Protein chains: 2
Amino acid sequence: MNNKKPRRPLTLRDVSEASGVSEMTVSRVLRNRGDVSAATREKVLTAARTLGYVPNKIAGGLASKRVNLVAVIIPSLSNMVFPDVLGGISAELDDTGLQPVVGVTNYSPSREDTVLYDMLSWRPSGVILAGLEHSKVARAMLDNAGLPVVEIMDVDGTPIDTAVGISHRRAGAEIATEILNAGYRRIGFIGTHMPEDHRARKRLAGFEERLGESGVQLVAREYYQGGSSLQKGRELTERIMTREPDLDFLYYSNDMIGAGGLLWCLEQGYDIPGKLGLAGFNGVELLDGLPMRLTTTDARRIDIGRRAARIVASKEPRPENGMVALAPTFLPGDTIRKA
Amino acid sequence: MNNKKPRRPLTLRDVSEASGVSEMTVSRVLRNRGDVSAATREKVLTAARTLGYVPNKIAGGLASKRVNLVAVIIPSLSNMVFPDVLGGISAELDDTGLQPVVGVTNYSPSREDTVLYDMLSWRPSGVILAGLEHSKVARAMLDNAGLPVVEIMDVDGTPIDTAVGISHRRAGAEIATEILNAGYRRIGFIGTHMPEDHRARKRLAGFEERLGESGVQLVAREYYQGGSSLQKGRELTERIMTREPDLDFLYYSNDMIGAGGLLWCLEQGYDIPGKLGLAGFNGVELLDGLPMRLTTTDARRIDIGRRAARIVASKEPRPENGMVALAPTFLPGDTIRKA
DNA sequence: CGAAATCATGTTACCGTTATCGTGTCTCGC
DNA sequence: GCGAGACACGATAACGGTAACATGATTTCG
């Protein structure tokens with residue numbers, strides 16, 4: 001490689017001069033667009049390579065009014081669920097020339113607004129964002145932007161443009177059905193108390209509604225704040241079981257605290273799933289390898305990512321009603337009695 | 001909000017016309033730069049708001065030759081270690097106006113090249129990338145780019161510009177010392193066999209070197225490919241203990257498989273840490289809440305992210321020798337005998 | 001064999017912002 | 001009461017590409 005320090009950043013002009021053709025032709029070569037003879041193509045490519053030229057997408061984007069970015073806005077990265085979604089998105093975007101750019105909101109609506117604003121200022125060609133609940137400001141920005149918007153994870157509500165996800169009400173209801181069918185009746189719930197975690201809220205609503213239909217009520221609840229961890233799961237489980245020792249089932253709002261609870265219960269010698277059943281939510285891979293497989297619901301994270309990406313990339317059409325509802329799938333595991 | 005669908009995207013001109021001042025003044029208001037009277041500022045801001053104007057950073061970046069992005073290039077998101085690094089970076093960048101943009105290489109050098117190329121084409125104002133090993137092409141691109149480059153995680157090698165990390169050789173050596181001091185002698189190793197995971201390799205090298213200095217050799221090794229999981233840790237542990245039943249210590253290349261191994265060993269009734277000791281690497285939060293706390297080494301992930309971000313943001317000066325070596329810290333946990 | 005189509009390349013006019021410099025209006029101190 | 005700054009704003013020229021059209025050279029084919 002050359003060692004002359006290029007204090008003046010390289011432009012198309014440099015490559016054009018080095019290869020004796022016009023800037024336009026260089027541009028064509030570098031983008032594989034239009035007719036260029038094999039000979040000049042070669043000349044240009046070697047010139048570009050030896051100079052170490054890297055195209056300037058800022059200028060290119062301005063001129064062409066097209067930007068190959070897709071904004072992806074999610075609440076958190078440490079959640080273990082969003083990396084999976086991202087994986088699905090990347091996989092599906094890989095052969096489209098589109099590139100995901102991730103923004104994290106930490107479950108804060110106002111931060112969502114600013115992240116969205118920042119993202120839109122790059123004029124991406126699509127937006128994927130978690131959830132159906134957004135501020136007025138955010139909705140206005142998205143309406144104005146005039147680009148494909150896919151809201152993911154949730155389908156219980158009205159999408160701005162398109163939604164891809166599962167019904168969390170249904171997920172809650174279905175697991176409630178399973179629990180009831182297995183004969184459990186004294187049920188407790190452990191979950192986050194984040195007003196902004198709408199999906200957890202909807203799950204619980206669907207869960208309680210279904211219980212109610214069978215005349216069953218939640219016997220106890222335990223809420224916590226902040227991130228989920230095994231430790232948190234242990235503490236809350238101990239607390240709820242101390243308070244209500246005759247519970248026969250614990251429904252957790254996610255697998256991580258569920259797993260913590262499971263470990264604690266096993267150490268305490270509870271008869272699982274005989275006397276006490278447990279269930280989480282998400283279906284994270286972490287569960288494989290625990291002493292018992294926690295009962296849970298697969299939230300279809302990767303599929304959600306894929307379908308959302310396919311829609312922004314126009315690999316598949318936006319459905320008529322703007323809804324792609326995937327089916328949450330029940331994973332029985334070992335912590336619920338077999339029906 | 002207004003409901004006239006703006007098919008033509010909004011520009012500064014629209015805001016300028018709506019507020020009766022020049023585009024230049026609007027620009028000044030929106031960036032808080034230069035002198036603008038309070039009255040016009042107000043006029044402009046309300047006009048911008050009611051129109052729903054979002055500035056175009058593509059055009060802005062081109063004109064100003066300044067872009068508030070920092071490219072962050074890491075091998076993986078599902079690794080549980082990089083989200084922490086990212087957290088540190090974001091936290092430190094938050095008040096600088098800089099914004100991280102993440103690219104993932106999946107431990108593939110050629111993918112690293114393309115990701116880097118794509119990132120540089122956005123002319124970011126800095127690059128943070130994992131590791132000290134990069135292709136010739138990548139080094140050339142970074143040399144040419146003329147911007148701050150911080151390589152993170154590792155300091156065993158020669159940085160292009162600046163490196164922030166821990167010495168993995170040292171981390172390996174230190175844990176070896178602890179293990180030897182605790183009296184273990186028949187030691188096995190379980191880790192990935194990814195030629196591209198240079199840091200794991202260096203850790204093992206430092207580990208074995210230290211053992212060698214005490215006349216001890218690894219009794220057995222077990223390698224695996226692909227991602228780490230509890231399940232993988234279980235399988236490999238079973239395999240190695242079947243093959244070499246009289247091992248008295250297992251050193252894992254990361255906490256996740258270490259935790260899997262720990263769970264398996266506990267189920268098998270091994271006397272831990274009496275007859276068998278275990279250690280992982282990373283110090284991930286996941287460990288809290290397991291039946292025993294796994295012995296491990298904190299890789300200082302968040303600190304690494306913070307320091308790297310501080311340097312690209314010029315919050316702190318690049319050190320003379322271009323090296324910021326943090327100290328890996330030994331976390332004794334419960335799976336090693338107390339000295 | 002000549003007109004039309006094709007190919008390979010160049011010219012020109014933007015894309016939407018910001019840097020820079022210029023201009024008119026106040027304010028102020030002596 | 002007047003020159004010198006400060007202040008508030010506008011006009012103009014980039015920034016580095018690409019779209020669209022233009023041009024000369026070749027090829028195609030009735």
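Letters go in sequence order (proteins before strands), and every chain restarts at 1. What you see is a predicted model; the values in this text were computed from it and never measured.
Between A/Ile58 and B/Gly61, the closest heavy-atom pair is CG2-C, 4.0 Å. Pairing each heavy atom of A/Val149 with each of A/Asp161, the nearest pair is N-OD2, 2.9 Å. Minimum heavy-atom separation, A/Thr162 to A/Pro319: CG2-CD, 4.1 Å. Contact record, B/Leu93 with B/Ala313: CD1-CB, 4.3 Å, taken as the closest heavy-atom pair.
What separates CZ of A/Arg13 from C1' of D/dC15 is a distance of 13 Å, to the nearest Å.
Put simply, OG1 on A/Thr11 and CG on A/Asn56 are 9.5 Å apart, with the number rounded to the nearest 0.5 Å.
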Protein-nucleotides 7-14 of chain D N/O pairs closer than 3.5 Å?
from   : atom 1 : to      : atom 2 : distance (Å)
D/dC9  : OP1    : B/Ser37 : OG     : 3.3
D/dC9  : OP1    : B/Thr40 : OG1    : 3.1
D/dC9  : OP2    : B/Ser37 : N      : 2.6
D/dC9  : OP2    : B/Ser37 : OG     : 3.4
D/dC9  : OP2    : B/Thr40 : OG1    : 2.9
D/dG10 : OP1    : B/Ser22 : N      : 3.3
D/dG10 : OP2    : B/Ser22 : N      : 2.8
D/dG10 : OP2    : B/Ser22 : OG     : 2.6
D/dG10 : OP2    : B/Thr25 : OG1    : 2.5
D/dG10 : N7     : B/Arg28 : NH2    : 2.7
D/dG10 : O6     : B/Arg28 : NH1    : 3.3
D/dG10 : O6     : B/Arg28 : NH2    : 3.3

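Distances from the side chain of B/Leu62 to the nucleotides D/dG17, D/dA19, D/dC15 place D/dC15 closest.
Each end of the helix from C/dC1-D/dG30 to C/dC30-D/dG1 gets its own axis, taken as the rotation carrying the C1' atoms of four end pairs onto the next four within a five-pair window, and the two axes meet at 30° to the nearest 10 degrees.
Distance alone, capped at 3.5 Å, places no donor-acceptor pair between the A/Ser27 side chain and the A/Glu23 backbone.
Nucleotides of DNA chain C with any atom under 4.0 Å from a heavy atom of chain A span, from 5' to 3', C/dA8 to C/dG16.
Nucleic acid contact class of B/Arg33 (heavy atoms, under 4.0 Å, all strands): none.
When the options B/Arg307, B/Arg300, B/Arg306 are evaluated for a salt bridge (charged side-chain N to carboxylate O under 4.0 Å, His left out) with B/Asp303, the one that passes is B/Arg300.
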